[in-house]
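Whatever order the structure lists them in is the order used to number ligands and atoms, beginning at 1. No hydrogens, no waters, no symmetry mates; every other heavy atom, side chains included, goes into these values.
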Amino acid sequence: MIPYGRQSLDQADIDAVVAVLQSDWLTQGPTIERFEQAMAERCEADFAVAVCNATAALHIACLAAGLGPGDRLWTTPNTFLASANCGRYCGADVDFVDIDPLTWNLDANALALKLEQSERDGTLPKVLVAVAFSGQSCDMRRIAELAERYGFTVIEDASHAVGASYAGRPVGCGEFAAMTVFSFHPVKIITSAEGGMVLTNRPELAERLQRLRSHGMTRDSQQMTEASHGPWYYQQVELGFNYRITDLQAALGLSQLSKLEGFIERRRELAARYDRLLADLPLTLPGPQSEAESAWHLYVVRLHLDAINLSHRQVFEGLRAAGVGVNLHYIPVHLQPYYREQGFAEGDFPQAERYYAQAISLPLFPLLSDEQQDHVVEHLRRLVLEE
Ligand SMILES: *Cc1c(COP(=O)(O)O)cnc(C)c1O
């Protein structure tokens, strides 16, 4: 089975991890800081805080933004659960903004309308999690203007978008978001096995993120409530977590980062090849967001079901039966039983629901060969053109 995504590891990655195993530090050593600095440099951000996964990164980013009980977090329904759950971890209410029918990202026009309404109702959000779906940023310029006007904090969930750019600058540079979150899960652009990171330009947020990552503890006398008792002294100044990444993982992430440009180049090449090979089929192909250059985590097609003789499910199962490991990103989050219990129902976000009824994610990863991709296209073609 050709998977929809997978990691690309080489001997240099393996050597980097083994070198840490043979060193003095398995965790909390110097490699984490090197990984953070390298990511901050690549993304043109001032600070980077590495954690054990992107879900933890989203959680502490929300806390650093001051999100708490009684507050509201808004995000897109077309995302992984974690983009919404981070709000619930903080005790906040979660709500959604429907997607743009062309880019499948959170729709900035729908956001503007919902903000107008919620200003009248006194229900403005404190945090917006803007997900760069499939590796392509949302209309961040517009979102940043709305954030300024209505006073909410923008967290860009760029789990799909390591190495992407927006308005000519790297995603993570902090021009349009207070904090940017990356995931290093093996199906994402670069991997540290499990791993995540928050990037920001604001020193007070970076300090808070570092503390929340490690039990709310500090060894910095500036952050303490009284003079240090001695060289052993630390204080817990708030409630934090153990969300630390290990040096083993950071070594893998750092080694992978050195190959990022090649990964992205191959992903772009494959995406352009899909664009070409699928152009004549009854499908909607990914639509570009002006100003965004995608990292191409996912290549999603939407089936024109009125022009296809099989159902969405039959095409999906037909591809799996042909050894093509397709997937579906995403089941609208508001339709999950947990969120239905919070009051959401079918019909709430019609664009995301319509998208879900038609979408299929095709295999896309740097080691996918042209021959494998041709196999994917050949079977998809056969299924959607079946008499
Ligand atoms: C993968 C993913 C996450 C969670 O990442 P982990 O590192 O697995 O915790 C969050 N948001 C989005 C959009 C993702 O795709």
Pairing of Glu261 and Arg42 as salt bridge, 4.0 angstrom limit: yes
Set of residues satisfying side-chain contact (heavy atoms from CB on, under 4.5 Å) with respect to Asp46, sequence neighbours excluded: Asn201
Ring center gap for Phe35 and Phe184 short of 6.0 angstrom: yes
Test side chain to side chain contact (heavy atoms under 4.5 Å, CB included) applied to Leu106 and Val97, Asn78, Val129, Val131, the passing residue: Val97
OH/Tyr356: more than 12 non-hydrogen atoms of other groups inside 6.0 Å: no
Short side-chain to backbone donor-acceptor contact, Ser214 and Arg211, under 3.5 Å: no
Starting from the N and O atoms of ligand 1, collect every protein N/O partner closer than 3.5 Å and put each pair on its own line with the distance to 0.1 Å.
from, atom 1, to, atom 2, distance (Å)
ligand 1, 5 (O), Ser183, OG, 3.4
ligand 1, 7 (O), Ala54, N, 2.8
ligand 1, 7 (O), Ser183, OG, 2.8
ligand 1, 9 (O), Ala54, N, 3.3
ligand 1, 9 (O), Thr55, N, 2.9
ligand 1, 9 (O), Thr55, OG1, 2.6
ligand 1, 11 (N), Asp157, OD2, 2.7
ligand 1, 11 (N), Ser159, OG, 3.4
ligand 1, 15 (O), His160, NE2, 2.7
ligand 1, 15 (O), Lys188, NZ, 3.0
ligand 1, 15 (O), Tyr330, OH, 3.3

